[in-house]
Chemist: 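Have a look at this one.
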Amino acid sequence: MIIVVNGQQRDITAGCTGVKLLEELDLTAERIAVERNGEVMNRQTFAACTLAAGDVIEIVRFVGGG
Amino acid sequence: MTDLLTIAGRTFRSRLMIGTGKYATFQQMREALEASGAEIVTVAVRRVNLDRKEESLLDYIDLNRYFLLPNTAGCQTAEEAIRTARLARAAGLSDWVKLEVIPADNTLLPDPIATVEAAKTLVAEGFVVLPYTTDDHTVAKRLLDIGCATVMPFGSAIGTGLGLTSPDRLQRIIEVIGGQVPVVVDAGLGAPSDAALAMELGADAVLINTAIARAGDPVQMARAMAVGVEAGRMAYQARRMGKSAVASPSSPTVGRVGDK
């Protein structure tokens with residue numbers, strides 16, 4: 001099934017969980033926050049989600065800034 | 001006597017806040033942070049790059065030593081800023097946010113109306129809000145009244161290094177806000193003399209990024225800024241002399257050699 005992560009389409013297997021997606025994206029060690037279909041959540045909450053077709057996901061982290 | 005900066009009940013020894021953008025390398029940034037003595041460090045919130053693995057800024061910032069202040073830079077509307085602030089909080093470090101709402105033009109000057117609007121929502125959601133604002137004292141007062149933890153007027157536009165382009169307006173903000181919440185001069189400072197002047201006028205702290213990151217030697221400039229801030233603060237506490245249009249000799253006017 002297709003979801004959108006940070007503006008890019010991604011094909012994931014049905015039943016894929018947030019934690020599985022973060023593993024696939026190599027983000028298990030990074031300090032991140034996630035928005036799923038407009039709802040902001042922390043890593044733990046997202047990790048526990050079962051993703052659905054058409055989900056729109058934003059994954060952010062801290063970068064240099066003033 | 002320890003001269004502490006208190007923001008929302010949290011105390012800091014340093015009155016210099018540092019941004020983490022625009023450094024040549026993370027290593028250089030780390031050394032500049034160290035040299036500055038700063039305790040509050042700003043960061044931006046951005047999408048993780050999924051195409052290639054990038055080094056993590058946080059690997060270079062000791063979170064036991066520095067207090068991270070996420071900003072909403074890049075947000076052009078109140079809604080975007082609120083969304084970014086919520087994401088920053090969800091990253092789990094704190095509920096502090098440096099609120100920036102800057103319309104899509106090349107001035108990089110804040111939208112005061114959208115800033116007030118976003119600040120109201122964020123304060124109601126329990127955020128500690130440190131808003132970047134204009135040099136207008138009425139806007140500063142509004143931000144104070146709705147419960148912001150500081151006000152952060154610009155010295156001049158972001159990244160210009162022009163220093164304090166309207167010290168009289170900054171002075172007015174300090175008169176109206178001073179003693180209630182800290183006034184932090186953010187943006188546009190180019191040299192330690194700019195930072196010192198802001199502090200002499202009674203600002204509680206300054207926030208500097210470009211002037212350090214884009215100096216020929218950022219680490220040395222970080223030290224220079226720290227000294228500038230300290231000198232300005234001490235001068236403020238010492239209460240400078242009044243200005244006079246008339247000269248006044250420093251040496252005795254009597255007993256000169258050859259006096260009749």
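Just so we're on the same page: letters track the sequence lines, and every chain starts at 1.
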Chemist: Is any side-chain heavy atom of F154(B) less than 4.5 Å from a side-chain heavy atom of L207(B)?
Modeler: no
Chemist: Is it the side chain or the backbone of A88(B) that comes within 4.5 Å of chain A heavy atoms, both, or neither?
Modeler: both
Chemist: Are the side chain of T150(B) and the backbone of M152(B) linked by a donor-acceptor contact shorter than 3.5 Å?
Modeler: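 Judged by distance alone, no pair lies under 3.5 Å.
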Chemist: Which atoms form the tightest heavy-atom contact between G54(A) and N37(A), and what is the distance?
Modeler: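 Closest approach of G54(A) to N37(A): O-OD1, 4.3 Å.
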Chemist: State plainly whether the residues E39(B) and R10(B) are in salt-bridge range, i.e. N to O under 4.0 Å.
Modeler: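 Here E39(B) does not pair with R10(B) in a salt bridge, since their nearest N and O are not under 4.0 Å apart.
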Chemist: After noting the C-alpha distance and the side-chain angles of L164(B) and L189(B), does the key distance pass the side chain to side chain contact (heavy atoms under 4.5 Å, CB included) rule?
Modeler: CA-CA 7 Å; L164(B) 303 182; L189(B) 304 182; 3.7 Å; yes
Chemist: Looking at R86(B), K53(B), M17(B), K98(B), which has the largest count of heavy-atom pairs under 4.5 Å with chain A?
Modeler: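 Sorted descending by pairs with chain A, the first entry is K53(B).
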Chemist: Step by step, would you call D136(B) with R169(B) a side chain to side chain contact (heavy atoms under 4.5 Å, CB included)?
Modeler: CA-CA 7 Å; D136(B) 185 288; R169(B) 291 172 69 91; 4.1 Å; yes
Chemist: Name the region of K22(B), side chain, backbone, both or neither, that has any atom closer than 4.5 Å to a heavy atom of chain A.
Modeler: neither
Chemist: What residue, out of D51(B), L87(B), N71(B), has the most heavy-atom pairs lying under 4.5 Å from chain A?
Modeler: L87(B)
Chemist: Quick one: of R89(B), M29(B), E54(B), who has the most non-hydrogen atom pairs under 4.5 Å with chain A?
Modeler: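 Top count of heavy-atom pairs under 4.5 Å with chain A: E54(B).
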Chemist: Counting heavy-atom pairs closer than 4.5 Å to chain A, which one of N49(B), V41(B), V43(B) comes out on top?
Modeler: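 Most pairs with chain A among the choices: V43(B).
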Chemist: Between chain A and each of L93(B), V48(B), L68(B), count heavy-atom pairs under 4.5 Å; write down the option with the most.
Modeler: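 Most pairs with chain A among the choices: V48(B).
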Chemist: Check the pair E58(A) / N6(A) against side chain to side chain contact (heavy atoms under 4.5 Å, CB included), numbers first and verdict last.
Modeler: CA-CA 5 Å; E58(A) 293 280 341; N6(A) 287 3; 3.6 Å; yes
Chemist: Chain A: which of A91(B), G19(B), A187(B) shares the most heavy-atom pairs with it under 4.5 Å?
Modeler: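 Among A91(B), G19(B), A187(B), the one with the most close pairs to chain A is A91(B).
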Chemist: To the closest 0.5 Å, what do you measure between OG1 (T133(B)) and CG (L109(B))?
Modeler: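 The OG1 atom of T133(B) sits 10.5 Å away from the CG atom of L109(B).
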Chemist: Relative to the ring of F67(B), is the ring of W96(B) parallel (under 30°), tilted (30 to 60°) or perpendicular (over 60°)?
Modeler: perpendicular
Chemist: Does any backbone or side-chain atom of E100(B) lie under 4.5 Å from a heavy atom of chain A? Answer side chain, backbone, both or neither.
Modeler: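 It is the side chain, since no backbone atom gets that close.
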Chemist: Verify, without hydrogens or angle tests, whether D55(A) (side chain) and I57(A) (backbone) share a donor-acceptor contact under 3.5 angstrom.
Modeler: no
Chemist: Can you say whether L50(B) sits under 4.5 Å from chain A via the side chain, the backbone, both, or neither, judging by heavy atoms?
Modeler: side chain
Chemist: Is it the backbone or the side chain of V34(A) that comes under 4.5 Å from a heavy atom of chain B, or both, or neither?
Modeler: backbone
Chemist: So, D111(B) side chain and Q76(B) main chain: donor-acceptor pair closer than 3.5 Å or not?
Modeler: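 No; judged by distance alone, with no hydrogens or angles, the pair does not exist.
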Chemist: Determine whether a donor-acceptor pair (N or O, by modelled atom type, separation under 3.5 Å) exists between the side chain of D186(B) and the backbone of P153(B).
Modeler: no
Chemist: Tabulate, in ascending numerical order, the residues of residues 23-33 of chain A having at least one heavy atom closer than 4.5 Å to a heavy atom of chain B, or enter 'none'.
Modeler: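 From residues 23-33 of chain A, the residues near chain B are L25(A), D26(A), L27(A), E30(A), R31(A), I32(A), A33(A).
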Chemist: Chain A heavy atoms under 4.5 Å from I208(B): which part of the residue, side chain, backbone, both or neither?
Modeler: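 Interface part for I208(B): neither.
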Chemist: Which residues in residues 39-51 of chain A have any heavy atom lying under 4.5 Å from a heavy atom of chain B?
Modeler: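 Residues in range: V40(A), M41(A), N42(A).
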Chemist: Does T84(B) reach the main-chain N or O of A81(B) with its side chain, forming a donor-acceptor pair under 3.5 Å?
Modeler: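 Not confirmed, T84(B) side chain does not pair with A81(B) backbone.
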Chemist: Answer yes or no: does atom CD of E230(B) have more than 12 heavy-atom neighbours from other residues, nucleotides or ligands under 6.0 Å?
Modeler: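 Not buried by this count: 12 neighbours or fewer within 6.0 Å.
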Chemist: Given side chain to side chain contact (heavy atoms under 4.5 Å, CB included), test T72(B) with V45(B) step by step and report yes or no.
Modeler: CA-CA 7 Å; T72(B) 63; V45(B) 176; over 6 Å; no
